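Down below is the structure, laid out as structure tokens.
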Amino acid sequence: MPLSSKLEMFLKAKCLMNCEVALILERKYDQLQQMSDDPLNQVSQVFEKSLQYVKRFSRYKNPDAVRQVREILSRYQLAEFELCVLGNLCPETVEEAIAMVPSIKTKGRAHDDEAIEKMLNDLSLIKKFE
């Protein structure tokens, strides 16, 4: 399979932000604890390290905030990978957002700087009141 075909499949793939993965893994961890007297026997080292990683790099901890971030970013008709990059990295300026995700300016539905600024302001409000 040519490289371009391999990359195209990611355009349609469902992506999750670190904070969403953290919520999923935390729920699974809780389930494993309830199913065993010794929860450490149920959790692999890879699972534990994955949970630690996504918790460490999650910008949003509150489940309501996580939901709001996805809702806000979804309003801007972003591709899944664009949404996750912006949700994970939380750029503070339009220039940072464009540097991290150049496609938000280069696609046919390119956003103007004002729309990107509003999106970033909405995200910063969620973080501020979390």
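Since the model is a prediction, treat every value here as computed from it, not as a measurement.
Remark: Arg75 pairs with no residue by the side-chain hydrogen bond (donor to acceptor under 3.5 Å, both in side chains) rule, at least two apart or across chains. Applying the salt bridge (charged side-chain N to carboxylate O under 4.0 Å, His left out) rule to Glu130 yields the partners Lys127; only residues at least two apart in sequence or on another chain are considered. Partners of Asp30 by salt bridge (charged side-chain N to carboxylate O under 4.0 Å, His left out), not counting sequence neighbours: none found. Not counting sequence neighbours, the partners of Glu71 by the salt bridge (charged side-chain N to carboxylate O under 4.0 Å, His left out) test are Arg67. With sequence neighbours excluded, the residues satisfying salt bridge (charged side-chain N to carboxylate O under 4.0 Å, His left out) with Lys118 are Asp122.
Ser58 places no side-chain N or O within 3.5 Å of a backbone atom of Lys61 that could act as its donor or acceptor partner. Glu20 contributes no side-chain N or O that, together with a main-chain N or O of Leu16, makes up a donor-acceptor pair within less than 3.5 Å.
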Return all side-chain donor-acceptor pairs below 3.5 angstrom for residues 50-57, not counting sequence neighbours, or 'none' if the list is empty.
{"unit_1": "Ser50", "atom_1": "OG", "unit_2": "Val46", "atom_2": "O", "d": "2.8"}
{"unit_1": "Gln52", "atom_1": "NE2", "unit_2": "Glu48", "atom_2": "OE2", "d": "3.4"}

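Taken to the nearest 0.5 Å, the OH atom of Tyr76 stands 11.0 Å off from the CD1 atom of Ile104. Distance CD1/Ile98 to CD1/Ile116: 4.0 Å, rounded to 0.5 Å. If you take SG on Cys90 and CD1 on Ile126, they are separated by 9.5 Å, rounding to the nearest 0.5 Å. Rounding to the nearest 0.5 Å gives a distance of 6.0 Å between CZ of Phe47 and CG of Leu32. Remark: Leu23 CG to Asn62 CG distance equals 9.0 Å, nearest 0.5 Å. Leu123 contributes atom CG, which lies 7.0 Å from atom CE of Met119 (distance to the nearest 0.5 angstrom).
The side-chain heavy atoms of Val21 and Met17, taken from C-beta on, include no pair separated by under 4.5 Å. Using a 4.5 Å heavy-atom threshold, the side chains of Val69 and Cys19 count as separate.
The pair Arg70-Glu80 meets the salt-bridge criterion, with a side-chain N (NZ, NE, NH1 or NH2) lying under 4.0 Å from an Asp/Glu carboxylate O. We find that Lys105 and Asp113 are joined by a salt bridge, their nearest charged nitrogen and carboxylate oxygen being less than 4.0 Å apart.
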Output, in order, the C-alpha distance, side-chain angles, deciding distance and verdict of side-chain contact (heavy atoms from CB on, under 4.5 Å) for Leu83 and Ser74. CA-CA 7 Å; Leu83 184 150; Ser74 294; 3.7 Å; yes
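Summarising the geometry of Pro91 relative to Leu120, their closest heavy-atom pair is O-CD2, 3.5 Å, with the distance given to 0.1 Å.
Ser103 and Glu82 are linked by a side-chain donor-acceptor pair at a separation below 3.5 angstrom, with hydrogens and angles left out of the test.
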